[in-house]
Amino acid sequence: MYWSRTFIPTMKETPEGAEIPSHILMLRAGLISQVMAGAYTYLPMGLRSLSKAAQIVREEMNRAGAVELVMPAMSPIALWDQTGRTEAFGDVLVKLDLPRGGRKVRVVLGPTHEEIITDLVSRQISSYRQMPITLYQIQNKFRNEERPRFGVLRTSEFLMKDAYSFDTDLESLGRSYDAMYEAYCRIFDRCGVEYLPVEAESGPIGGDASHEFMIPSGNGEDTVVHCPQCGYAANTEKAEIGERRQQAPDVEMARIEKVATPGAATIEQVSQFLKCRPADLIKTLLYEADGKPLAVLARGDHEANENKIRRMVGADRLELAAPGTIERVTGAPVGFAGPVGMAEKIPIYADADIQFVRNGVTGANEADAHLTGVNPGRDFEPEAYADLRNATAGDPCPRCPSVLTIREAIEVGHVFKLGTKYSEALGARFADSKEQLHTIIMGCYGIGIARILAGLIETNHDAAGIIWSVPLAPYEVLLVPMKVKDEETMKIAQSLHDELEAAGVEVLVDDRDARAGVKFNDADLVGFPLRVVIGPRGLKEGKLEVKWRWDTETEMIDLDGAAKTLAGLIAEEKTTNARFRARDDNEKD
RNA sequence: CGGGGCGUGGCGCAGCCUGGCAGCGCGCCUGCUUUGGGAGCAGGAAGUCGAAGGUUCAAAUCCUUUCGCCCCGACCA
């Protein structure tokens, strides 16, 4: 391809509104163009990269034994009503009323496709002999995001690979799940992104039933908990905390005193008012577990983890108690609850760190008052101490003697053992060898294709622009003829272009009659991995000048056999990402 | 959904407070010179000042309403 015949609208300036590197660079490099909040056109360069990521995903899905199909974006809302997800998704679900013959047909644009695929399978699969099977598609999804942001990281319409496995028993589901997990690792390895599979909330099946694939990046929307020592990684909802090893400070237990704290109801206000650290406060959170009130204690500088609480008390539903309930239970307005002297006797659970608090501060169960000198064991005794809060940096690792770190990350993939939630609701059953009917057991596996690109750019760019890995680059080689008006130069460019194409290399020739600086800067901005300069300096010696995007040094190669040399370099880098990764290691330490 | 910011040629912005010819840089077009890291000179095209209503002799500017975009937070099967 020739630069002058394709469409690469690069920009010198950053469009207003773009904040993070991947968004800025995708716009400036002419990969995408915004149509409205959360909806982007993929321009030729962007589309090429997107398609290449999708193709890698497709190849690895196929290798893992999954089978491709395509479902419509549109589906009848009745299907979603059956699983209760019309309500669960709420406004995120894009709903349309289509006028047809004087009636309205109510449809939704799919945010995911469990309902559609399960409906299909319920009709077409009825025997254990037809399973296991994993079906997938690569298709645009629609979610009416409350707040689209960060370029292609959070959009209302996005390309996603979604796969669904159908199995007869849990053991078989485990094999289907593992095959997807391994395929995901291969996909992200091939793309050249650094990723971390992290344990995530597992839902109905429990156990080791869900992983998120994350690209650690400062601009990620999610946080992951990671132990660099043993590799333990989990998202914040899931992350366990190891045994708390600190001791209570060796100080005298003070007497409980009631102090007036007018208007100070939040942790910040109280700690400022009483001139103490948030860690000296014991906050008392009132929850309702399946409608029954309970109190949870956590240190002022910690965050309660509702999943952990819900699991511990074995409730189906857990929510913060309504203000009315709080007032009834504590006898005080919201913000002044404490474990000592509550109006109603309800179970109290405490995070493990509470046992090491000495002379803590708690609400007094009375408006505008707190208690100081509160000590666990002496002044109150919870039903149990347990791990009930979110992990923070420096907490003990649950799997080894080391400590945890917290990293921001971009979620690019998710694998999940679903169980029978959808097959149950939609009546997807099969007969076993004894003609007994069972509900099909499902798994679902998603990858956000555009997030792979954004994640790669987010973690691989410099001041000049994007640094693509060869497998995802819009073109693998950029030929830069210095003098496009020189016949000899252009002849060489053309024949090299043709030879490289014939050799299966994706090559672009910058045939614009522009100054060297313009062409070099655009080359760096769009980030083609291998740049080949055809100019008088080298040609005098029968040489071409070659430079990898991530290197600073150039290298001369012989014009004779150049196509073969270049094709060899690309073929090697494309399969190993070796140079790309080596660059990573140099830059990141 | 709460808080904040911004809408002025294709892009980035000034002008608004204090009403009086719609400007600057980049890009684009033509010509000449230049030519290995975003060239110089000369000439040129291109704007319903987001939209509607109001105040005024006069509105990009003041008032009201509205639409859109972005950021922070909440939310995210």
Side-chain angles (χ1 to χ4, degrees), chain A residues 7 9-20 23-24 27-28 30 33-40 80 83-93 108 110-115 118 141-151 153-156 158 160 162 164 200-204 210 212 219-223 235-237 306 320 410-411 414 416 418-419 421-422 425 442 444-446 448 451 463-465 480-486 489 510 512-526 531-540 544-545 547 552 554 556:
Chain A
F7 183 46
T10 59
M11 282 181 268
K12 217 185 285 191
E13 283 166 306
T14 300
E16 189 211 9
E19 302 273 331
I20 66 170
H23 190 196
I24 292 171
L27 289 166
R28 285 192 52 215
S33 176
Q34 187 180 27
V35 175
M36 60 180 277
Y40 290 85
W80 300 81
T83 57
R85 288 219 292 182
T86 308
E87 207 198 344
F89 271 113
D91 289 340
V92 171
L93 198 60
V108 313
T112 171
H113 278 70
E114 280 85 0
E115 277 79 357
T118 310
K141 300 286 188 259
F142 297 84
R143 294 185 193 188
N144 181 40
E145 293 290 348
E146 288 294 321
R147 196 183 145 207
R149 62 185 128 175
F150 300 142
L153 277 181
R154 182 163 288 267
T155 52
S156 305
F158 56 98
M160 177 167 162
D162 48 322
Y164 307 90
E201 270 308 312
S202 45
S210 174
E212 288 170 348
N219 284 311
E221 290 189 280
D222 296 287
T223 53
N235 69 14
T236 322
E237 289 76 49
E306 297 189 3
L320 274 172
I410 296 164
E411 182 185 349
H414 197 170
F416 195 88
L418 270 177
K421 178 176 174 186
Y422 299 99
M442 294 174 58
C444 66
Y445 317 92
R451 283 188 170 189
V480 186
M482 293 307 302
K483 296 178 183 300
V484 299
K485 285 185 175 143
D486 178 61
T489 301
D510 189 351
R512 292 175 299 169
D513 184 13
R515 300 174 72 80
V518 172
K519 293 166 89 156
F520 289 155
N521 279 307
D522 272 350
D524 289 346
L525 177 58
V526 185
R531 190 189 76 187
V532 181
V533 173
I534 307 167
R537 280 188 196 165
L539 288 182
K540 272 189 301 206
L544 297 175
E545 178 189 297
K547 185 176 104 57
T552 45
T554 61
M556 304 305 283

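Here the structure is a predicted model, which means the values were calculated and not measured. Protein chains get the first letters and strands the later ones, always in sequence-line order, with residue 1 at the start of each.
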Task: Identity of whatever pairs with B:A45 - Watson-Crick or G-U, under 3.5 angstrom - done: none

Task: Set of salt bridge (Lys or Arg N to Asp or Glu O under 4.0 Å) partners for A:E115, sequence neighbours left out - done: A:R85

Task: Partner nucleotide of B:G25 by Watson-Crick or wobble geometry (both distances under 3.5 Å) - done: B:C11

Task: Salt bridge flag under 4.0 Å for residues A:R149 and A:E19 - done: no

Open item on the list: Only pairs with both distances under 3.5 Å count, Watson-Crick or wobble alike; so what is the partner of B:C32 in this structure?
Closed with: B:G40

- [ ] Could you please name the partner base of B:U64, counting Watson-Crick and G-U wobble pairs only when both distances are under 3.5 Å?
- [x] B:A52

TODO: Mark yes or no for whether A:Y164, through its side chain, and A:H113, through its backbone, hold a donor-acceptor pair below 3.5 Å.
DONE: yes

Name the atoms and distances for all side-chain donor-acceptor pairs under 3.5 Å in residues 513-526 of chain A, with sequence neighbours left out.
{"residue": "A:D513", "atom": "OD2", "partner": "A:K485", "partner atom": "NZ", "Å": "2.9"}
{"residue": "A:K519", "atom": "NZ", "partner": "A:P481", "partner atom": "O", "Å": "3.0"}
{"residue": "A:K519", "atom": "NZ", "partner": "A:D510", "partner atom": "O", "Å": "3.0"}
{"residue": "A:K519", "atom": "NZ", "partner": "A:R512", "partner atom": "O", "Å": "2.7"}
{"residue": "A:N521", "atom": "ND2", "partner": "A:G517", "partner atom": "O", "Å": "2.9"}
{"residue": "A:D522", "atom": "OD1", "partner": "A:T10", "partner atom": "OG1", "Å": "3.1"}
{"residue": "A:D522", "atom": "OD2", "partner": "A:T10", "partner atom": "OG1", "Å": "3.4"}
{"residue": "A:D522", "atom": "OD2", "partner": "A:R512", "partner atom": "NH1", "Å": "3.0"}
{"residue": "A:D522", "atom": "OD2", "partner": "A:R512", "partner atom": "NH2", "Å": "3.1"}

Give me the distances for all protein-to-nucleotides 3-8 of chain B N/O pairs that come in under 3.5 Å?
{"residue": "B:C6", "atom": "O2'", "partner": "A:E16", "partner atom": "OE2", "Å": "2.9"}

- [ ] Can you sort out the partners of A:E306 under side-chain contact (heavy atoms from CB on, under 4.5 Å), two or more places apart, ordered by chain and number?
- [x] A:Y287, A:L318, A:L320

Open item on the list: Here's a test of your reading of the structure: between A:V35 and A:P15, which maps to the more 5' nucleotide of RNA chain B?
Closed with: A:P15

- [ ] Summarise protein proximity over nucleotides 36-42 of chain B in one line of letters, 5' to 3': B for base, S for sugar-phosphate only, - for none, counting protein heavy atoms closer than 4.0 Å.
- [x] BBBB---

TODO: For each nucleotide in nucleotides 71-77 of chain B, reading 5' to 3', give B when a protein heavy atom comes within less than 4.0 Å of its base, S when such contact involves only the sugar-phosphate, and - otherwise.
DONE: BBBBBBB

Open item on the list: Which nucleotide, if any, forms a Watson-Crick or G-U wobble pair with B:C1, using both distances under 3.5 Å?
Closed with: B:G73

